[in-house]
Protein chains: 2
Amino acid sequence: MARTQGSHSGITGPKVREAAIRLFAENGYAAVSMRKIATEVGVQAGALYNYTPDKQTLLFDLLKGHMEELLGARAETPAPDDPARALEQFTRFHIRFHHERPEAVFISYMELRNLTPENFEVIEGLRRQYEDQLEDILRRGVASGAFDVTEPKIATMAVIAMLTGVNTWFREGGRLSLPEVEEIYWQMVRKAVMASVGSNQG
Amino acid sequence: MARTQGSHSGITGPKVREAAIRLFAENGYAAVSMRKIATEVGVQAGALYNYTPDKQTLLFDLLKGHMEELLGARAETPAPDDPARALEQFTRFHIRFHHERPEAVFISYMELRNLTPENFEVIEGLRRQYEDQLEDILRRGVASGAFDVTEPKIATMAVIAMLTGVNTWFREGGRLSLPEVEEIYWQMVRKAVMASVGSNQG
DNA sequence: GTCTATAGTCGGATAGAC
DNA sequence: GTCTATCCGACTATAGAC
């Protein structure tokens, strides 16, 4: 007697993750039903519960996995001692990493409010770890005299917001390549934090 | 014979808008039911349909109202001829205006995907009108030699993303006042786009 | 590991009384 | 303008067969 249908392929787990990321990014967590995810994967809704205890945990695991990937990728990159070089590396890394995972990035910003408070705290802790890396670079640059930044925490938030914004408009195949975009943003970041040679109007 | 309950006050319309903005911001459009909005207002769900034909139109009207308020407030402010002064004014205006309406701002960024395609186009058109104002300032500054910006469109997106990011972390009563934050951001924006006196490493 | 079937709940929107 | 009552559909999660 044959199985009726469904994947039975042994790779349903990853397919659930992929389908959930895409659907959550497109429609939002609350608007996506377990049935839709199941249809996308090619199984029935009930079968999803072999891979996640519930919908909330599915969202949490996606966000946690994304943040751990981010921190892992950063950890693999040796950080230059020179603050200016470290800042350039951070800038290019952030743009590239976020460009490669637009959907996970989108969810990580948009669906935080759909996490339970306990789950939210975990994700926020991971995010803070990432932000602290940029803040450390800025503080070292201030100490060395390379940067002129009165409020490293604010500059950290400003730079990250600016860089993450690339995902809202950049599309492959447009007028500019990603390396060109990286260079433009790096020049803006560099000028924004560098020690100025003379003051301007303002 | 007296009315059973409900507002009957003649101001239910504004209360519906306010409740919807707050609840959509807190929980997301899809996660908020008409019943929840009605409870917040103090009426029954059916009464809401005296004020909006459906939930989608309610969301659309909120976003459209917000964008029109934004453009209206800009239009009331006389724009300086000098590009640097115009940029400073834009920077401070953006931070202040967005600070005063955190919930509407949040919805305007998060709930775009829950608009029908036709409604989305309308909101995007209004947003583009606003962005074009900054882009014009940057182009004028490049023409006058005051700014060093190779890609005004990208700089526009970068500056707006950076400024809007204030809403994600700034809280009244913290270490810094809003005018202080304005000043810090203005200095970063100014340095990022100003014509540099000498080049750096990078 | 997946299926079918179903429980129990909640959703948007409408009809008609007052 | 608001109420009550309701239609009808969709949802999460579970139970038990295969």
Practice task
Would you kindly give the NZ-to-C1' distance between A:Lys15 and C:dG1, to the nearest whole Å?
Solution key: 13 Å

Completion exercise
Separation of D:dT4 atom P from B:Gln44 atom CD, nearest Å, is 5 Å

Exercise for the section: For C:dG1, take OP1 and OP2 only and decide whether either is under 4.0 Å from a side-chain N or O of A:Tyr49. Expected result: no

Handout entry: Whole-Å gap separating C1' (C:dG12) and CG (B:Asn114)
Key = 15 Å

Exercise for the section: Dump the intermediate steps for salt bridge (charged side-chain N to carboxylate O under 4.0 Å, His left out) on A:Glu111 and A:Lys55, then the final yes or no. Expected result: CA-CA 13 Å; A:Glu111 304 298 353; A:Lys55 196 184 170 190; over 6 Å; no

Practice task
State which of D:dA13, D:dT2, C:dG12 makes the closest approach to the side chain of B:Ser33.
Solution key: C:dG12

Completion exercise
Separation of C:dG12 atom P from B:Leu58 atom CG, nearest Å, is 11 Å

Handout entry: Check: A:Met188 and B:Met162 side chains under 4.5 Å, non-hydrogen atoms
Key = no

Exercise for the section: Just compare D:dT2, D:dC11, C:dG1 and give me whichever is closest to any side-chain atom of A:Lys36. Expected result: D:dC11

Handout entry: Rounded distance in Å - CG (A:Asn50) to P (D:dA15)
Key = 13 Å

Problem - cation_pi(A:Arg127, A:Tyr109) dist<6.0 Å, angle<=45 - result: yes

Handout entry: d(CD1, B:Ile11; P, D:dG1) in whole Å
Key = 14 Å

Exercise for the section: Starting from P on C:dG11, measure out to NZ on B:Lys55 and report it in whole angstrom. Expected result: 9 Å

Exercise for the section: Measure from the side-chain heavy atoms of B:Arg35 and tell me the nearest of C:dT2, C:dA13, D:dT2. Expected result: C:dA13

Handout entry: B:Thr12 vs D:dT2: side-chain N/O to OP1/OP2 distance below 4.0 Å
Key = yes

Exercise for the section: Tell me yes or no: between the side chains of A:Gln129 and A:Gln133, is some donor less than 3.5 Å from an acceptor? Expected result: no

Handout entry: Minimum-distance nucleotide (side-chain atoms of B:Ala47 versus D:dC3, C:dT2, C:dG12)
Key = D:dC3

Fill in the blank from the handout: Separation of C:dT14 atom P from B:Leu48 atom CG, nearest Å, is 13 Å

Exercise for the section: Flag the pair A:Glu135 and A:Arg139 as a salt bridge only when some basic side-chain nitrogen lies within less than 4.0 angstrom of an acidic carboxylate oxygen. Expected result: yes

